[in-house]
Structures are given as C-alpha cells and as structure tokens.
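Letters go in sequence order (proteins before strands), and every chain restarts at 1.
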Amino acid sequence: MPELPEVETTRRGIAAHVIGRRVTQVCVRQAALRWPVAPDLSETLAGQVIREVGRRGKYLLLGFDHGTLLVHLGMSGNLRLVPGALAPMTHDHVDWLLDDGQALRLNDPRRFGAVLWTAGPVGQHPLLKELGPEPLSEAFSAAYLHARARNRRVAIKSLLMDAHVVVGVGNIYANEALFMAGIHPARAAGHIALARYERLVEAVRQVLNEAITAGGTTLRDFVGSDGRPGYFAQQLRVYGRAEAPCRTCDSPIRHLRQGQRSSYFCPRCQR
DNA sequence: CTTTGCACCTGTTGGC
DNA sequence: TGCCAACAGGTGCAAA
C-alpha cells in the first residue's frame, strides 16, 4: 500500500497530535509482523515522551530521548489516531496509548509491516544505513541517477524501485513517473541518456508532490491518520489503466509483468 | 558484484 | 454457491 506519499501523509497526520505526548503503555496483540515485535516494547516506551515524528523512505521514525521507534507500513498497513478506549478491530496489531487518552493504532492485514526499536543513532540502523537518497532532496539528481545506472542492464523501472538507489518510489509512482518522462519501463537503465534522466527526476518529484497534496493514493484500503482515504487514484495516468486510452495520445495503455510486479505504459508515448 | 525469484501473509476478484 | 488461481501499495534474502 504505502509508498512515500502515503507514509508522508501519515507522518503529517499524526505529528501534531503525538509530539510532546507521553506513551503510557504499548499493547501488542499480534507480535508476528515482518520481524517479531520486541516483547519488552511496552517497558521500553512507558513513561517516555515522543519528541519527533520523522520519515526515512517509507519508514516512520518516532523519536524518543533514549532511542527511535521504526514503523514500516508494509503493503497493507495504516496508522491511525483513535480514542484509547475504542475496541480494536481485526488486524489492529499494536496500540500506543498516550497520556491524553488517545491511542496510535497500527492496522496491517498482511503483516508485512514492522515495529522495531533502536537505541543507537537511527541512521546507523542496518535497515536504514544503505538506503539511497530521498527523492525530494537535492541529492536525487539526474547526474546521480545516471551514474548509478551506468553499466546496469536492469529495467529502469526496477532501478527506480530499488531503495538502495532512491527511497520511497514504489510500484504505482514508478509507473506514473516513467509515463510522465516518456520512458519505457523495460528500457535498460544503462541505456538512457543524461537528458532523459533530467526528465525522470523531475517526473518523480512532481508525481510524489502531487500525491502528497492529494493525501496519497487509495486503491483498496489505505487511510490516513484520520481514517480518510487518499484521493490521488483519480489522477493516475497509467497505473491500473490497462486498455484504457492514454490521456495524452488515446492509444490503449498496455500491461506488462516485470519481476512479480505489474507495469503499465503507453506504447506510443514511452520509448 | 549483478540479476532473478522467492518468501512472508491475508483478502479480494474473476473464471469455471 | 463453491472452489481455485492470480493478484495486491514492500523488501530482505538466497541462489544463480
């Protein structure tokens, strides 16, 4: 589910409500997420104040004085603010009860998400250490992408979705950005000129910003921290639009399988 | 080192 | 209505 815009929507939605709040208790109903949730998480966090809510790629970072909690939403997760007494629904795996009676509640049907505590410098965490630059930062440039693509035969779409190259770009936005840049998703990354990477970098930035503005993309079950869906789905240019007319040239959008992921592209606009 | 494919898990959808 | 296969927003890891 969540790519960068959905995680950022969640971050913005919870930040003002939880910063400065004290965690009174953590209730773990299902510890078997992608990695087991630490059994002593409640002892670790009880009485501690949430100082900041950050994001690195698709990881949400809850900053405390003595460490950081990494929260990943996986494919189907969402994090909502609810009244602490609200009865849990199925797949409501973790609650962070706060000192104002509210609770942060993690719901994740597929359980690909993660909740991990780290006491050390968060940037040194094994899962974060090797990540590529943020797509909305200066470090993500055409020169950088071009250099990373040098001598690589992988499809450009795979490269774009590789978090070690750039974080936050998942299947939906990779498809959208390649359409906007006029690049065929299966083109070998090493066979794309610098000028075309300029277009691609701009397209990635534009589509992510548009999606953040719309509150993310809800295909099935994504909801922000207030329980409302994102509205970017209606602005999708190619994703999920197989056989539908290209919004630019009317050619039927084509579907393709790359790896285990669905790709959508316009055979006329993308080369 | 690069590339490919699997694994993790539940739920929905479409074909027969 | 039931059953089964395919597919879904991610990504670490093993194997080739």
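Remark: C1' of C:dG9 and CG of A:L236 are 11 Å apart, rounded to the nearest angstrom. Counting to the nearest Å, the P atom of C:dG10 and the CG atom of A:L106 are 16 Å from each other. Whole-Å rounding puts the A:L73 CG to C:dG10 P distance at 11 Å. When the P atom of C:dG10 is taken as reference, atom CG of A:D108 falls 13 Å away, rounded to whole Å. For A:L208 and C:dG9, the CG to P distance is 16 Å, given to the nearest whole Å. For the pair A:N107 CG and C:dG9 P, the computed distance is 18 Å after rounding to whole Å. With rounding to whole Å, A:L116 atom CG is found 12 Å from C:dG12 atom C1'. The nearest whole Å value for the distance from the CD atom in A:Q260 to the C1' atom in C:dG9 is 16 Å.
For the pair A:Y59 and C:dG12, the criterion of a side-chain N or O lying under 4.0 Å from OP1 or OP2 is met. For C:dT11, the OP1/OP2 oxygens have no side-chain nitrogen or oxygen of A:R261 closer than 4.0 Å.
Of the residues listed (A:H255, A:Q258, A:R257, A:R254), the one engaging A:S263 in a side-chain hydrogen bond (donor to acceptor under 3.5 Å, both in side chains) is A:Q258, and it is the only one. Just one residue in the list A:I50, A:L69, A:V28 forms a side-chain contact (heavy atoms from CB on, under 4.5 Å) with A:W96, and that residue is A:L69.
Taking the six-membered ring for Trp and the full ring otherwise, A:H66 and A:W117 have centroids separated by under 6.0 Å.
Ring geometry for A:H184 versus A:F265: interplanar angle of 30 to 60°, hence tilted.
The residue among A:S158 and A:T90 whose nearest nucleotide of DNA chain B is located toward the 5' end is A:S158. Heavy-atom distances to DNA chain B give each of A:A155 and A:R220 a nearest nucleotide, and the one nearer the 5′ end belongs to A:A155.
Where stacking is scored as ring centres under 5.5 Å apart with planes under 30°, A:F222 does not register as stacked on the base of C:dG9.
Looking at heavy-atom distances under 4.0 Å, A:R111 makes contact with sugar-phosphate atoms alone, never a base.
For the C1' atoms, the distance from C:dG9 to B:dT3 is 24 Å, rounded to whole Å.
Bracketed by its first and final contacts, the part of DNA chain B lying under 4.0 Å from non-hydrogen atoms of chain A reaches from B:dT2 to B:dT12 in 5' to 3' order.
The partner of C:dG9 cannot be assigned: no Watson-Crick or G-U wobble pair with both contacts below 3.5 Å exists in any strand.
Between the side chains of A:R55 and A:Y59, no donor N or O sits under 3.5 Å from an acceptor N or O.
Among the nucleotides C:dG10, C:dG12, C:dC7, the one closest to the side chain of A:S262 is C:dC7.
With salt bridges taken as basic N to acidic carboxylate O contacts below 4.0 Å, none links A:R268 and A:D250. Electrostatic pairing of A:E202 and A:R199 does not count as a salt bridge here, judged by no charged N lying under 4.0 Å from a carboxylate O.
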